Amino acid sequence: KAGVTQTPRYLIKTRGQQVTLSCSPISGHRSVSWYQQTPGQGLQFLFEYFSETQRNKGNFPGRFSGRQFSNSRSEMNVSTLELGDSALYLCASSLGFVDSGNTIYFGEGSWLTVV
Amino acid sequence: AQSVTQLGSHVSVSEGALVLLRCNYSSSVPPYLFWYVQYPNQGLQLLLKYTTGATLVKGINGFEAEFKKSETSFHLTKPSAHMSDAAEYFCAVGNQAGTALIFGKGTTLSVSS
């Protein structure tokens with residue numbers, strides 16, 4: 001069974017540009033969430049989707065957005081990139097919510113460097 | 001609001017020694033607790049999780065953790081460290097009716113021979 005797949009794995013963008021990252025969850029999983037990992041701030045929750053609906057959003061500016069498609073695949077977009085957006089972006093998927101005992105599985109991440 | 005504190009950003013042990021990584025949580029509702037491991041340039045791998053039931057949770061690679069409500073702790077242990085255990089470890093708390101996780105700052109485990 002394939003795991004959580006994230007593309008691209010590595011990318012370099014220039015300040016002011018925008019970027020779209022893609023995530024394919026484990027087959028059958030309907031929940032997808034996104035995290036930003038930086039050396040200074042650690043792992044921070046970005047947003048969470050379940051059946052195409054955003055259920056929860058972390059404390060990030062509006063430049064960060066996401067969506068989930070009917071096949072559960074998800075994308076996140078960052079517009080007007082800043083140097084501080086350089087980070088590892090991790091996608092996670094699960095069958096359902098944690099209070100139902102579901103496990104949350106992470107992908108390998110997308111490394112974004114903003115220059 | 002929920003939060004996680006991992007005591008000690010770096011822990012060093014000798015091969016064969018006990019591994020103890022500390023995690024304390026704050027939650028106004030019954031917590032769902034997780035330990036993940038991250039090897040260099042990789043994503044997060046689940047070691048173990050506590051949802052309900054038995055407070056001593058066994059995970060992969062010989063790790064286990066005990067949920068202690070009175071101490072609001074969920075410390076991770078392994079009786080005998082192996083060189084391959086060197087990695088960064090994250091404790092996390094999950095909210096109810098969702099999948100969002102709040103992570104601690106992480107603890108880097110070094111294992112020397």
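A note on names: the letters A, B, ... follow the listed sequences, proteins ahead of strands, and every chain is numbered from 1. Just so it is clear, the model here is predicted, and its values are computed rather than measured.
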Under 4.0 Å between a side-chain nitrogen and a carboxylate oxygen: does that hold for A:Arg15 and A:Asp85?
no
Could you tell me if B:Thr99 and A:Ser31 have a donor-acceptor pair between their side chains, going purely by distance under 3.5 Å?
yes
Given a strict heavy-atom distance threshold of 4.5 Å, which part of A:Gln44 is in contact with chain B: side chain, backbone, both, or neither?
neither
Which of A:Val32, A:Leu46, A:Leu88, A:Thr103 touches chain B most, by non-hydrogen pairs under 4.5 Å
A:Thr103
Any side-chain donor paired with an acceptor under 3.5 Å for A:Ser51 and A:Arg30?
yes
In terms of heavy-atom pairs under 4.5 Å, which option from B:Phe34, B:Phe90, B:Tyr50 contacts chain A the most?
B:Phe90
Which answer fits B:Leu101, side chain, backbone, both or neither, if we ask what part of it has an atom under 4.5 Å from a heavy atom of chain A?
both
State, yes or no, whether a side-chain contact exists between A:Thr80 and A:Glu82 at a heavy-atom distance under 4.5 Å.
no
Select one option (side chain, backbone, both, neither) describing which atoms of A:Leu43 are under 4.5 Å from chain B's heavy atoms.
both
Counting only heavy atoms closer than 4.5 Å, note whether A:Trp34 contacts chain B via side chain, backbone, both or neither.
neither
Just by distance, no angles: are the side chains of A:Thr20 and A:Asn77 close enough, under 3.5 Å, to form a donor-acceptor pair?
yes
Note: A:Lys57-A:Glu48 ion pair, threshold 4.0 Å (strictly below)
no
Atom group of A:Tyr35 that falls short of 4.5 Å from chain B, counting heavy atoms
side chain
With a 4.5 angstrom heavy-atom cut-off, is it the side chain or the backbone of B:Gln38 that approaches chain A, or both, or neither?
side chain
